[in-house]
Q: 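Let me begin by handing over the structure; questions about it come next.
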Amino acid sequence: MYILHNALANVWRHKGRNALLGAIILVVIAASVIALMISSTATSIIDDYKERFSAEVTFVPDMEKVREEAMAGSTDGMVRMTMPTIDADQYLAFGESEHLADADFTAATGVVPEDLTPVAADLGGGSGMMTMGGGGGSTFESEPMSFTASLQGDKFTEFDDGSRALADGELPDADGEALVSTELAELNDLAVGDTIHLDGELRNVDEGSLEPIEYEVTVVGTYDDLTDEYGTSPQQNAFTNRRNEILTTYDTVLENYVSGMQGMQVAATFYLQDPDLLEAFTQEVRAEGLPDVFDVTTDSATYNAIVGPVEGLKSVSVTFMIVVLVFGGVIIALLSSIAIRERKYEIGVLRAMGMKKSAVGVGLWSEILAVTAACLLLGLGVGSLVAQPVTDMLLADQIQAAEEATAAAEEQGSGGGMGMRMGPMGGANQADPDAEPLSALAVALTPGTVGQIGGVALGLATLAGLVSLGRITRYEPIKILSERN
Amino acid sequence: MTSTLTLDRVTYRYDGAKKDVLRGISAAFEPGKVYTVVGKSGSGKSTLLSLIAGLDVAGGGQILHDGEDLRTLDRDAYRARRIGVIFQGFNLLTTATAVQNIVLSMNISGSRVKHKKEHAYELLARVGIDRETAGRPVLKLSGGEQQRVGIARALSHDPRIIIADEPTGNLDQATEDEILRILTGLAHDEGRCVIVVTHSRRVTAVADEVLGITAGRLGTVKGARGPRKPAVSTTHQDRG
């Protein structure tokens with residue numbers, strides 16, 4: 001106890017020296033406070049974005065490859081292009097990947113509703129197969145079914161963005177429940193509780209056989225539809241008319257799924273734990289049998305556009321902290337060494353009085369600890385006050401740098417023209433033009449950050465204490481006192 | 001009378017030196033007496049005192065305190081509890097006050113005195129330091145006052161042996177007399193063993209025994225008027 005008491009008294013007795021040491025420690029701690037506050041806030045924001053936004057992965061068919069494959073497989077001069085599909089078994093296998101945080105599955109199949117008149121019936125139906133070139137006929141034993149509607153499993157995203165809205169009843173919850181558009185309901189006098197019978201078929205392309213399937217769903221609601229009637233489809237018929245989409249659950253659609261048969265589109269959106277895992281995930285799904293015609297993409301460009309400046313800010317702050325810690329640590333070590341040399345006589349006296357080396361060391365360490373504790377409190381206050389303006393300034397620089405980089409990249413891209421690789425939907429890996437980078441970062445001092453700064457402070461005090469102890473062990477009282485005398 | 005401190009054929013050699021500075025020194029020191037050790041500069045007087053104080057370790061022989069060899073003792077604890085050392089250069093904590101120096105010494109020794117600060121004031125009063133002076137930083141005290149603080153500090157843990165290295169070397173005559181009065185009082189009135197290394201004839205004049213070091217050997221010097229070359233290496237007990 002007396003060691004601590006004496007140490008606290010010594011803090012005041014050697015106030016000049018301790019003020020100098022304290023100033024350095026204060027600068028290091030304040031800088032660490034700012035850096036850690038920025039870093040921890042940036043980390044939580046990045047984690048949040050990664051979790052809910054940036055890690056979405058999609059499998060996009062490369063139409064160039066699809067066409068090349070179709071042409072290569074043509075034997076009769078006619079190019080029959082079939083949209084490539086990924087069967088449900090593969091999707092389910094992909095969903096098992098340890099790199100994924102989550103997966104959303106959807107499914108769709110063409111159907112013909114019994115005893116119902118589809119919207120735009122006069123335009124006829126469609127088969128869902130694309131045919132290019134001239135001549136030739138179907139390779140199936142009989143003519144494939146001409147669908148006039150589609151059964152969509154778990155495709156409710158338009159209800160989130162407002163282009164579709166529930167008009168009556170409720171969304172399907174259990175298997176066998178369905179939602180129909182108000183147009184289809186009015187055209188056929190459908191009401192909640194009615195049952196619809198749907199016919200469809202699956203195709204075995206290799207054998208040229210067709211397998212009929214049937215569904216029976218109960219209408220549990222109707223929806224108003226503000227989407228484009230034919231969306232992006234190049235064909236306009238009852239099948240591609242979106243008012244004929246009957247919405248149900250994923251499992252309802254999948255109940256007629258037969259592995260190896262075509263005619264049912266299963267899609268999934270996978271969410272990676274981290275965008276950086278895309279390559280590893282791609283290798284994994286390729287090993288599971290994902291055809292080469294599919295590109296595995298993530299919206300990394302959008303992620304970079306939005307989160308890039310924050311990541312840059314975090315990187316700058318961490319680098320800054322490391323530099324400050326290294327330089328600060330060296331200066332503190334030097335100051336401590338000089339301070340101990342200057343106090344050599346005092347140490348000699350204490351040792352001559354019978355104080356043990358360890359007790360002298362603990363005393364000196366306690367002094368530094370007391371100075372550091374005061375600096376910690378002051379540093380937390382100063383750092384908290386300065387952190388926000390510093391963050392704003394650094395973030396503005398990062399955003400400007402990101403914008404300049406994007407502009408330069410766009411300039412290069414427009415100059416290259418033909419060299420730019422485009423995905424089927426008009427560029428799969430380009431930044432969403434609506435993606436606005438984070439323009440503000442509200443830094444906060446969390447208990448975790450306080451703990452980290454406490455660790456930094458303790459580390460600094462221990463470093464100074466170790467330097468002191470290292471010197472003390474070399475001092476013998478008789479030598480110190482005889483040198484002085 | 002039983003010896004408090006016994007030196008038995010003690011030798012010492014400085015690092016790198018070819019000869020021993022102390023060559024088989026033997027002596028016995030009793031409580032209640034003032035001993036002075038005299039000799040030329042470089043004769044090894046202060047070295048002998050450092051060995052007795054546990055600040056250094058003898059190359060050969062034994063130093064026994066109450067029959068215990070210093071080599072087997074915790075020398076830090078020995079200095080803190082069993083022996084009081086007064087230095088020529090005072091060796092006080094200069095930024096601390098006089099009373100803080102005394103209290104710190106008591107703390108280091110593990111003193112069980114309840115009111116240490118009051119006890120420190122009493123000790124300082126015994127050597128002529130009033131409360132006001134006791135509360136001042138040591139650096140602001142005169143040389144004589146600092147040496148009194150040094151004596152008070154040596155007494156703070158109530159040791160039976162007090163050793164002093166040129167305690168009056170930096171002091172004027174009047175102050176020297178006062179310091180000597182205190183030191184002889186510690187031996188004659190309180191029964192402590194006081195060993196003083198000195199060049200001063202005034203100090204040797206008040207000593208009960210005067211020991212001289214010549215050529216690394218210790219001998220008893222007859223009378224108290226100054227060092228003489230000892231005829232033989234012996235101790236005061238041999239005279240008896």
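Note that the structure is predicted; figures quoted are calculated from it, not measured. Note on naming: letters A, B, ... go to the chains in the order of the sequence lines (proteins, then strands), and numbering restarts at 1 for each one.
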Q: Just wondering, more than 12 heavy atoms not from B:Arg202 lying within 6.0 Å of its CZ?
A: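 Yes, because the 6.0 Å sphere around CZ of B:Arg202 holds more than 12 heavy atoms from other groups.
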
Q: Does any part of the side chain of B:Asn107, heavy atoms only, come nearer than 4.5 Å to the side chain of A:Asn6, both counted from C-beta?
A: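 In short, these two side chains do not touch, never coming nearer than 4.5 Å.
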
Q: Do the non-hydrogen side-chain atoms of A:Val349 and B:Leu92 ever get within less than 4.5 Å of each other?
A: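 The answer is no, as the side chains (C-beta and beyond) never meet within the 4.5 Å cut-off.
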
Q: Would you say that more than 12 heavy atoms from the other residues, nucleotides or ligands in this model lie under 6.0 Å from the NZ of B:Lys40, or not?
A: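 No.
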
Q: Could you tell me which portion of B:Asn101 (side chain, backbone, both or neither) has an atom closer than 4.5 angstrom to a non-hydrogen atom of chain A?
A: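 Contact with chain A: backbone only.
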
Q: So how far is it from A:Arg351 CZ to B:Leu55 CG, rounded to the nearest 0.5 Å?
A: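 Between A:Arg351 CZ and B:Leu55 CG, I get 9.5 Å after rounding to 0.5 Å.
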
Q: Heavy-atom distances under 4.5 Å only: say whether B:Arg75 touches chain A with side chain, backbone, both or neither.
A: neither

Q: Give a yes or no on this: more than 12 heavy atoms of other residues, nucleotides or ligands lie within 6.0 Å of atom CZ of B:Arg136.
A: yes

Q: Would you check if A:Tyr2 and B:Val103 make a side-chain contact, meaning some heavy-atom pair closer than 4.5 Å?
A: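 When only atoms from C-beta onward are counted, B:Val103 and A:Tyr2 do not touch, as no gap falls below 4.5 Å.
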
Q: Determine whether more than 12 heavy atoms belonging to other residues, nucleotides or ligands lie under 6.0 Å from atom CZ of A:Phe327.
A: no

Q: Given a strict heavy-atom distance threshold of 4.5 Å, which part of A:His5 is in contact with chain B: side chain, backbone, both, or neither?
A: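 Contact with chain B involves no heavy atom of A:His5 at all.
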
Q: Does some side-chain heavy atom of A:Met353 sit less than 4.5 Å from a side-chain heavy atom of B:His157?
A: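 No - every pair of side-chain heavy atoms lies 4.5 Å or more apart.
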
Q: Of the listed residues (A:Ala352, A:Ala359, A:Ala9, A:Gly348), which shares the most heavy-atom pairs with chain B below a 4.5 Å separation?
A: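 Result: the option with the highest number of such pairs is A:Ala352.
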
Q: In the structure I gave you, are the side-chain heavy atoms of A:Met355 and B:Asp76 within less than 4.5 Å of one another anywhere?
A: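 No, their side chains stay 4.5 Å or more apart.
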
Q: Please classify the contact of B:Ala96 with chain A as side chain, backbone, both or neither, using a heavy-atom distance under 4.5 Å.
A: both

